[in-house]
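For reference, positions follow the sequence shown, starting with 1. Just follow the structure's listing: the first ligand is 1, and inside any ligand the first atom is 1.
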Amino acid sequence: MPYSDKYWQKEEIMPRREIEEIQLKRLRWVVRHAYDNVPFYRKKFRELGIHPDDIRRREDIRKLPFTTKEDLRENYPFGLFAVPKEKLVRIHTSSGSSGKPKVVGYTARDLENWINLCARCLYMVGLRSRDVFQNMVSYTMFTGGLGMHYAAERIGAMVVPSGTGNTERQIQFMLDFGTTAIHCTPSYALHIKEVAEGMEIDPKEIGLRIGCFGAEPWSEATRKKLEDAFDLKAFDSYGLSEMNGPGVAFECEEQNGLHIWADHYFIEVVDPETGEQLGEGEKGELVLTPLTKEALPLIRYRTGDITFVMDEEKCSCGRTHPKIHRIIGRCDDMIIVRGINVFPSQIEHVLMQIPEVGDNYQVVITKKGALDEITVRVEVKDEFFTGELADMERLRRKIQEELRKELGLRTNVELVEKGTLERFEGKAKRILDLRGEV
Ligand code: DLL
């Protein structure tokens, strides 16, 4: 049994040099595996005049081609798989914004590795066998449900597989079963808080200790809001279906950056425009190569997620794996207004610090002539909704000013009553891009 109250894995604390040795060994394996078993890669490698034997040092990864989301879609469903179908034991999909979903597959060994990595994450944030873990994400094609479910079981926690929806019942379960840890998107956690308050239950009374929140960008201000409301510690969880699902990177007790498991993923950050590799501390697109995946060995996969690798210094938790900054946004979520780049997470960060602002907002992007305009629709907390026009105008200007200070540009702000905007059980869709509309 790899997990117990007294044990954590030696892989988490081994010297960086050893991690790098493992990386090289596994990189060479995965490149050879892809070349031998995926015609797509053999063709690409030949076009570039490279061969798996050319990978002698870790730096040689730069010689390899990137793999994109489009490559996965174009090879729908199983075109990039490296094993025959009878070796697969499960598939999941990731629904993109358009077209065919991306299909990802697992051999029995892939599943073992994945469960183990997710268990590492949960153990890292303090989940133990005495905990009750309520898993409030979708259990179907989304990787978040089954991925974390098996990991919490492996630690020996009692799992409540409640999935999404029926929020009042979720809260009742928490109270009845003595839930101590929850897993959901941060936007669903905000919704749970609101519903609990509506049921006249103080979220603090539920008795939660640990919140694992991920699958979408969220901000430091939202963390504070959730921690204060539920009296728990909130940890950021990052992953993507193409790299198994959750369990790629996770915050430790320090809550300052996410440890990314370098014995299973080779990490690069590149300039999204040029593909050039960037150094530590430089913000760019995260590129990942899974080092142990048998079913789907994607080489230099462009995640589309913006972050940077944090300083080398050893983390106070003792783990030696590098850390990435919380995801700042996705390349395709970036809004460019009058030459200024804006990520929705920056808007969220400002709004969640303003006491009068409720938990829900929406960002509408429109075109006025040649220029893009941002309108931020904000729900006002009941207790601040006075109905007095002058009060509302004062608040509107205040929000506009706070946003201007952070973003460096003027936005339109529209105040709406609590309950006006859509609530989310999974990943929130807070951006409404109307630029394509006439
Ligand atoms: O969202 C896997 C997951 C499940 C992660 C549960 C964490 C918890 P996909 O549906 O394939 O997989 O979506 C992956 O979601 O490329 C990011 O853009 C975004 N994302 C995931 N986690 C975070 C996070 C799952 N912590 C895509 N912060 C990724 C910001 C995140 N964005």
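Residue Ile327 has at least one heavy-atom neighbour below 4.0 Å for each of these atoms of ligand 1: 28 (N), 30 (C). Using a 4.0 Å cut-off to heavy atoms of Ser237, the atoms of ligand 1 that qualify are 7 (C), 8 (C), 22 (N), 23 (C), 24 (C), 26 (N). Less than 4.0 angstrom separates some heavy atom of Arg330 from each of these atoms of ligand 1: 16 (O), 17 (C), 18 (O), 27 (C).
In terms of protein heavy-atom proximity, atom 31 (C) of ligand 1 is closest to Glu216 N, 3.5 Å. Annotation: atom 19 (C) of ligand 1 to nearest protein heavy atom, Ala215 O, 3.7 Å.
In this structure, Lys427 is part of the shell of residues with a heavy atom less than 4.0 angstrom from ligand 1. Residue Thr143 places a heavy atom less than 4.0 Å from ligand 1.
The closest non-hydrogen atom to atom 4 (C) of ligand 1, taken over Tyr301, Tyr238, Phe235, Phe142, comes from Phe142. Compare His183, Glu251, Lys102 by their heavy atoms: the one nearest to atom 6 (C) of ligand 1 is in His183. Counting heavy atoms only, Asp305 comes closest to atom 16 (O) of ligand 1 of the residues Leu240, Asp305, Asp332, Ile306. The residue from Gly147, Pro217, Gly144, Ser241 that puts a heavy atom closest to atom 30 (C) of ligand 1 is Pro217.
Taking 4.5 Å as the limit, every side-chain heavy atom of Met141 sits out of range of all side-chain heavy atoms of Pro101. No side-chain heavy atom of Ile324 sits under 4.5 Å from any side-chain heavy atom of Phe308. Under the 4.5 Å side-chain criterion, counting only non-hydrogen atoms from C-beta, Phe235 is in contact with Ile210.
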Glu414 vs Arg377, salt bridge (charged side-chain N to carboxylate O under 4.0 Å, His left out): CA-CA, chis, key distance, verdict: CA-CA 5 Å; Glu414 219 176 279; Arg377 305 182 72 206; 3.3 Å; yes
ring-ring contact (aromatic ring centres under 6.0 Å, His included) assessment of Tyr35 paired with Phe45: CA-CA 8 Å; Tyr35 181 85; Phe45 280 31; 5.8 Å; yes
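No option in Arg109, Lys87, Arg26 other than Arg109 meets the salt bridge (Lys or Arg N to Asp or Glu O under 4.0 Å) test with Glu294.
Residue Ser94 has at least one nitrogen or oxygen atom sitting less than 3.5 Å from a nitrogen or oxygen atom of ligand 1, judged on distance alone. Every N/O-N/O distance between Phe213 and ligand 1 stays at or above 3.5 Å.
Phe81 and Val103 get closest at one heavy-atom pair: CE1-O, 3.7 Å.
Using a 4.0 Å cut-off between a side-chain N of Lys or Arg and a carboxylate O of Asp or Glu, Arg430 and Glu422 do not qualify as a salt bridge.
Remark: aromatic rings of Phe133 and His149 are distant, center separation not under 6.0 Å.
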